[in-house]
Amino acid sequence: MMTQSTKRWMIRLGIVAVFVVLGVLFFLFGKLHPVLVDNKTVEIQGQTFEAPAVLRYVVDGQEPVEIQARKRKRAELVGPNHKIVVEVLDENDQVLRTVEHKFSIGLHEEIVVNLAVLVGGDQQNWIQANE
Amino acid sequence: MTNYNKKNRFTAFLITNAVPILFIVFSALSIPLAGLSGEYLVQEMVIRLARYSFLVLSLLIPVIAGMGLNFGIVLGAMAGQIGLIFVSDWQIVGLQGMLLAMILSIPLALFLGWMAGLALNRAKGREMVTSYILGFFINGVYQLLVLYGMGAIIPISNNKMLLPRGYGIRNAIDLVNIRGSLDNLIPLEIFGIQIPLATFLSVAGLCIFIVWFRRTKLGQDMRAIGQDMEVAANAGIPVERTRILSIVISTLLAAFGQIIFLQNIGTMNTYNSHEQIGMFSIAALLVGGASVAKASLPNAFVGIILFHIMFVVSPRAGKTLMGEAQIGEYFRVFISYGIIAIALVLHAWRQHKDRERARMAFRGDAQAKSTGE
């Protein structure tokens, strides 16, 4: 049989637990992550990923950004889960190909993404933590 | 006889509402002199109501418990600011950042409120001056923590927030990540006036809480303690515990209020933002017609509007009258301290008059008994 005092303490602990859980959720979903976006030629496990001349990317429906080959841009993303849409453009800004991908940043402070690798078809190594 | 009663009632009304009447007259004279447009004034009042309401409302519960005006809300404000420092360091943005700062401030505000409550229980009858001095004491502890502890003992990863020597927080923190996160949550514009609807909804929530709280067992206990501590104790109410609870609730609400205030301002003055909060909130409440022993929701809102009309118009009115805005600036600071002094003197005078009246009534009764009437 639970005494009145035990019941009161259980309620108090429950309230504290709710606030801790809320705090963790706010931390995860409100955390700002700097993201370095590259369009660079790289070689991963013997495979070379050539940087396209121009790419246009949209993260989470924000403003589209164009990035030239061998360039780096900086973006800021809030929360752990995101969606990126990358378009490979020709000289006349016509879309040749579109790649859409969902990714998670997790608890990493800062990450580097290489769009050349993503449009090259490697969906494992295009995102790296920049610790 | 009827005329005499009417005159008495009118005098009593004037005495009770002396401060708001003074402010209404002052505002009526200053607004035309300042030459500000009506739209600008209304917009300013809406912003300032949203910014200060939570803080001013946090003062009401200790008044119910008869503990006077809680100058110790600066303790809560400091707790709120510590929450904001961590949130800025961890780069938590938007509403999540603001809510996380509130959660982080809870344990600190509860602890500081409990400590203040214990101290005030040992200084019964002198709660206001004790809470005022407590504010200075905890300010010292806060400065020690923020100026020497943060970056040295408490890890701060964002070097931009630290002083060049490597520890201690800089004088100003840019709250760009949470600026307007609550104010702009539900955008609303009426006749060109921006209304921070979400902030007003949270203020409305607090008003409902206060109204509900007054009707609870705890609220009724507080009212009984506010009326007579000894009678309440004889009736079995745990006086000391209830008084501590009133201060704890007030401190916690002040911590939330300070976070709402700073998300509206957008910049935190690490070592000063909390200092004037107690004084200005209390002055606003008193301007609204509250007293040390009685304060209500309308007092809070009327007070904020009247006090801040003076804040907005007095520099411009001063410039028009004297050719210098500084005069108006000086005037508004002088007025805010003056109002608190007037309210305290009026309270002491009223108490003296009440005691005198009670004594006269007692003598009257005694005389009547001795003459066998």
Side-chain angles (χ1 to χ4, degrees), chain A residues 3-37 58-63 65 73-84 103-113 127-131, chain B residues 79-80 82-111 113-114 155-161 173-182 184-185 202 209 217-218 238 241 244-245 248-249 252-253 255-256 259-260 263:
Chain A
T3 64
Q4 194 67 27
S5 167
T6 321
K7 200 174 163 187
R8 198 178 297 146
W9 274 105
M10 295 287 275
I11 292 169
R12 283 176 188 170
L13 282 174
I15 292 169
V16 171
V18 167
F19 278 116
V20 170
V21 170
L22 280 175
V24 171
L25 289 176
F26 291 144
F27 183 91
L28 284 176
F29 289 94
K31 174 91 177 137
L32 186 85
H33 301 272
V35 180
L36 301 174
V37 184
V58 178
V59 187
D60 298 336
Q62 293 174 4
E63 284 291 298
V65 181
K73 299 262 178 177
R74 194 174 189 276
E76 286 181 335
L77 301 179
V78 179
N81 301 316
H82 305 279
K83 187 177 130 184
I84 189 166
F103 63 100
S104 174
I105 298 175
L107 286 170
H108 297 298
E109 192 66 34
E110 188 177 82
I111 59 160
V112 183
V113 296
I127 184 166
Q128 310 265 315
N130 190 23
E131 305 297 355
Chain B
I82 288 176
L84 283 174
I85 291 174
F86 283 119
V87 163
S88 302
D89 178 37
W90 299 336
Q91 296 210 299
I92 314 298
V93 305
L95 192 65
Q96 294 97 319
M98 200 196 91
L99 294 172
L100 183 60
M102 284 180 171
I103 289 177
L104 292 173
S105 71
I106 291 174
L108 210 55
L110 293 182
F111 173 71
W114 170 75
I156 298 290
S157 56
N158 186 355
N159 286 332
K160 283 181 193 164
M161 284 175 60
I173 297 175
D174 189 2
L175 299 174
V176 66
N177 288 336
I178 63 156
R179 181 180 295 152
S181 53
L182 186 64
N184 304 331
L185 189 67
S202 53
F209 168 77
K217 163 86 171 61
L218 187 59
R241 183 178 169 273
I244 291 174
L245 278 175
V248 167
I249 295 169
L252 183 64
L253 292 176
F256 294 169
I259 292 169
I260 292 173
Q263 66 82 36

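In what follows, chains carry the letters A, B, and so on, assigned in the order in which the sequence lines appear, proteins first and then strands, with residues in each chain numbered from 1. Not measured: the values here are computed from a predicted model.
Residues meeting the salt bridge (Lys or Arg N to Asp or Glu O under 4.0 Å) test with A/Lys83, sequence neighbours left out: A/Glu100.
Here the straight-line distance linking atom CG of B/Leu99 with atom CZ of A/Phe19 works out to 10.5 Å at 0.5 Å rounding.
The nearest pair of heavy atoms linking B/Ile92 to A/Phe26 is CG2-O, 3.6 Å.
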So which N and O atoms of chain A and chain B form donor-acceptor pairs under 3.5 Å?
residue, atom, partner, partner atom, Å
A/Phe29, O, B/Gln96, NE2, 3.0
A/Gly30, O, B/Val93, N, 2.7
A/Lys31, NZ, B/Trp90, O, 2.7
A/Leu32, N, B/Gln91, O, 2.8

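Residue B/Ile106 touches chain A through its side chain alone, counting heavy-atom pairs closer than 4.5 Å. For A/Leu22, the parts lying near chain B are the backbone and the side chain together; criterion is any non-hydrogen pair under 4.5 Å. The part of B/Ile103 that comes within reach of chain A is its side chain, from C-beta onward, which places non-hydrogen atoms under 4.5 angstrom from that chain.
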